[in-house]
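Taking it in order: structure first as structure tokens, then the write-up.
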Protein chains: 2
Amino acid sequence: MTPNKEDFIKAIFELGGQTQVVTNKDLVRTLSISAASVTEMNTRLLKEGLITHLPYQGVILTEKGLTIANQLIRKHRIWEVFLAEKLGYDWNEVHSDADLLEHASSDLLIERLNIFLGEPTFDPHGGVIPNKDGSIPEIHSTPLIECTKGVQFKIKEVDDQEEFLEYLLYKKVHLGKEYTLVDIEPYDGPLTLKSTSGEETIIGHKAAFKILVELID
Amino acid sequence: MTPNKEDFIKAIFELGGQTQVVTNKDLVRTLSISAASVTEMNTRLLKEGLITHLPYQGVILTEKGLTIANQLIRKHRIWEVFLAEKLGYDWNEVHSDADLLEHASSDLLIERLNIFLGEPTFDPHGGVIPNKDGSIPEIHSTPLIECTKGVQFKIKEVDDQEEFLEYLLYKKVHLGKEYTLVDIEPYDGPLTLKSTSGEETIIGHKAAFKILVELID
DNA sequence: AACTTTTTTTAGGATAGACTAAAAATTAAT
DNA sequence: ATTAATTTTTAGTCTATCCTAAAAAAAGTT
């Protein structure tokens with residue numbers, strides 16, 4: 001496995017290659033390489049059994065390819081948590097450095113880093129961190145930032161930084177309380193929550209990354 | 001700059017290429033590549049002005065090459081500190097992972113990591129961490145582990161972990177006290193110190209990494 | 001000084017990855 | 001349904017990095 005192949009597999013995954021056929025054109029666009037290079041890489045990955053190739057249609061990840069993709073995403077997201085939480089990166093700065101680091105990380109390193117970070121479940125964007133074996137953990141809670149307007153939820157878990165807990169106290173947001181997400185503004189705007197008792201609370205965009213909720217159907 | 005070139009420059013430096021001519025043979029041995037590949041890489045680095053080449057003799061780093069070597073060593077050693085102090089690597093485990101990470105680190109990342117680590121001066125092996133610009137900081141203290149049998153020194157600085165401070169208290173080692181290094185055993189063995197008042201103290205090998213001393217001439 | 005051994009260089013290839021240009025196949029449009 | 005446009009594949013190059021084998025130069029030996 002070279003960094004190039006890793007990026008290619010990851011790109012297929014991110015374009016939905018777990019379930020759908022991903023076209024060469026899509027890969028040309030996301031990886032910024034020529035169509036000829038895509039065909040070439042396809043034949044290489046096909047030979048290694050990581051993808052299924054349907055000529056003139058595109059590719060899908062095999063079971064083996066999917067496992068590798070998830071393990072890469074695991075590395076990427078664990079680094080993102082490190083960059084954001086420990087090095088003070090803003091959550092939109094983490095991506096490019098995590099992209100470099102994920103290709104230079106031994107399994108030992110990732111496992112130790114994971115423990116150092118307290119075995120996080122989500123990355124700073126709210127994405128789930130896959131397990132070591134490439135499987136996806138069963139999640140009963142979702143970062144609030146991932147929710148859409150109108151859903152009802154219950155507060156499940158919050159970031160335990162002192163300052164943040166004080167903020168939540170001030171906003172009267174606490175574990176177990178139920179809300180409806182009345183509004184979520186675009187461009188990193190605020191979120192409006194309405195509790196079952198009817199009070200409305202407006203919270204900041206970044207706070208919504210640090211609040212995990214369970215959806216109520 | 002590619003990882004390969006970086007490794008090559010670093011190898012020249014580590015073989016003494018700052019002051020002496022490093023032969024192709026030495027590079028063949030340390031990098032485990034063929035003699036032909038060494039010649040080839042030499043011509044590449046020569047073209048980039050990173051080395052001076054004396055045909056049939058070997059290479060020396062130019063000013064430019066030296067700066068790059070030191071910046072690489074900076075990255076390497078900062079990662080070593082991280083691996084040892086934060087991820088609990090043993091000091092002899094850090095090298096290989098640091099070797100991977102040093103090629104995947106943006107300048108921003110290294111500067112933030114450096115701050116996160118408290119701007120350390122030495123790596124876990126006692127090596128000095130070069131400055132951002134590739135210069136070497138003026139050091140008045142040396143890790144005790146770097147000292148040779150017979151030298152006299154004064155305790156300048158010690159690691160400030162609670163547990164370690166208690167150990168030093170118990171051993172009666174404190175700042176400002178002067179000693180002679182009576183013995184230092186091979187194979188990570190203990191060190192024997194003799195204070196000016198004549199008492200001898202035996203301390204563990206690992207403790208000697210955490211004690212900085214100033215040599216007395 | 002001539003011969004042998006070691007080291008370095010040159011010459012010629014291999015592979016991974018990327019490219020452009022042109023051919024082939026598919027999809028869209030009249 | 002035939003033509004036009006798009007997409008994919010093939011063919012031929014290019015560069016970086018590595019290799020082996022042979023030639024050239026330097027160093028060591030008798």
Side-chain angles (χ1 to χ4, degrees), chain A residues 1-17 20-62 64-65 68-69 72 99-100 102-104, chain B residues 1-17 20-62 64-65 68-69 72 99-100 102-104:
Chain A
M1 258 296 166
T2 67
N4 273 326
K5 283 183 192 163
E6 289 184 346
D7 281 338
F8 205 89
I9 289 283
K10 232 182 54 172
I12 294 170
F13 179 84
E14 278 156 10
L15 291 167
Q20 311 155 40
V21 170
V22 173
T23 64
N24 285 15
K25 201 194 165 193
D26 285 340
L27 289 164
V28 165
R29 195 159 17 78
T30 48
L31 293 168
S32 306
I33 56 175
S34 71
S37 298
V38 170
T39 300
E40 211 172 9
M41 189 62 97
N42 281 345
T43 42
R44 261 181 235 127
L45 296 181
L46 185 66
K47 216 180 296 171
E48 293 176 40
L50 303 179
I51 58 172
T52 303
H53 184 217
L54 309 165
Y56 285 99
Q57 294 193 68
V59 294
I60 310 188
L61 292 173
T62 60
K64 202 172 151 195
I68 289 175
L72 285 167
D99 247 338
L100 281 176
E102 68 183 10
H103 302 299
Chain B
M1 257 296 164
T2 66
N4 273 327
K5 283 182 191 164
E6 289 183 347
D7 280 338
F8 205 90
I9 288 283
K10 231 182 54 173
I12 295 171
F13 179 85
E14 278 156 10
L15 291 166
Q20 311 154 40
V21 171
V22 173
T23 64
N24 286 15
K25 201 194 165 192
D26 285 341
L27 289 164
V28 165
R29 195 159 17 77
T30 48
L31 292 168
S32 305
I33 56 174
S34 72
S37 298
V38 171
T39 300
E40 212 172 10
M41 190 61 97
N42 280 347
T43 42
R44 260 181 236 128
L45 297 180
L46 185 65
K47 217 180 296 172
E48 293 176 39
L50 303 178
I51 58 172
T52 303
H53 185 218
L54 309 164
Y56 284 99
Q57 293 194 67
V59 294
I60 310 188
L61 291 174
T62 60
K64 202 171 149 195
I68 289 174
L72 285 167
D99 248 338
L100 282 176
E102 68 183 8
H103 301 300

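Just so we're on the same page: letters track the sequence lines, and every chain starts at 1. Small disclaimer: the values here were computed from a predicted structure and weren't measured.
- Side-chain atoms of A/Met1 and A/Leu50, non-hydrogen and from C-beta on, do get closer than 4.5 Å to each other.
- The salt bridge (Lys or Arg N to Asp or Glu O under 4.0 Å) test applied to A/Asp7 returns no partner, not counting sequence neighbours.
- For the segment residues 51-60 of chain A, the set of residues with a heavy atom within less than 4.0 Å of an atom of DNA chain D comprises A/His53, A/Pro55, A/Tyr56, in numerical order.
- Using a 4.0 Å cutoff to heavy atoms of chain A, the contacted part of DNA chain C runs 5' to 3' from C/dG17 to C/dT26.
- Residues A/His103 and A/Asp99 approach most closely at CD2-O, 3.1 Å, considering heavy atoms.
- B/Ile60 and B/Gly17 make their closest contact through CG2-O, 3.1 Å (heavy atoms, listed as atom of the first residue, atom of the second, distance).
- Within residues 21-30 of chain B, the residues that place at least one heavy atom under 4.0 Å from DNA chain C are, in residue-number order, B/Thr23, B/Asn24, B/Lys25.
- Checked options A/Val28, A/Asp26, A/Val59; the residue passing with A/Val38 is A/Val28 (criterion: side-chain contact (heavy atoms from CB on, under 4.5 Å)).
- Residues B/Thr62 and B/Gly49 approach most closely at OG1-O, 2.8 Å, considering heavy atoms.
- The minimum heavy-atom distance linking A/Ile9 with A/Gly65 is given by the pair CG2-O, 3.8 Å.
- The side-chain heavy atoms of A/Glu102 and A/Lys10, taken from C-beta on, include a pair separated by under 4.5 Å.
- Closest heavy-atom contact between B/Ala69 and B/Leu61: CB-CD1, 4.2 Å.
- The two residues A/Val22 and A/Gly16 make their nearest non-hydrogen contact at CG2-C, 4.2 Å.
- Applying the salt bridge (Lys or Arg N to Asp or Glu O under 4.0 Å) test to B/Glu48 and every residue at least two apart in sequence or in another chain returns B/Lys5.
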Between the protein and nucleotides 14-20 of chain D, are there any N/O to N/O pairs under 3.5 Å, and if so, what are the atom names and distances?
residue	atom	partner	partner atom	Å
D/dT17	OP1	B/Thr2	OG1	2.6
D/dT17	OP2	B/Arg44	NH1	3.1
D/dT17	O3'	B/Asn4	ND2	3.0
D/dC18	OP1	B/Asn4	OD1	3.2
D/dC18	N4	B/Glu40	OE1	3.1
D/dC18	N4	B/Glu40	OE2	2.8
D/dC19	OP2	B/Ser34	N	2.9
D/dC19	OP2	B/Ser34	OG	3.1
D/dC19	OP2	B/Ser37	OG	2.8

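- Between B/Phe8 and B/Asn42, the closest side-chain pair of non-hydrogen atoms falls below 4.5 Å.
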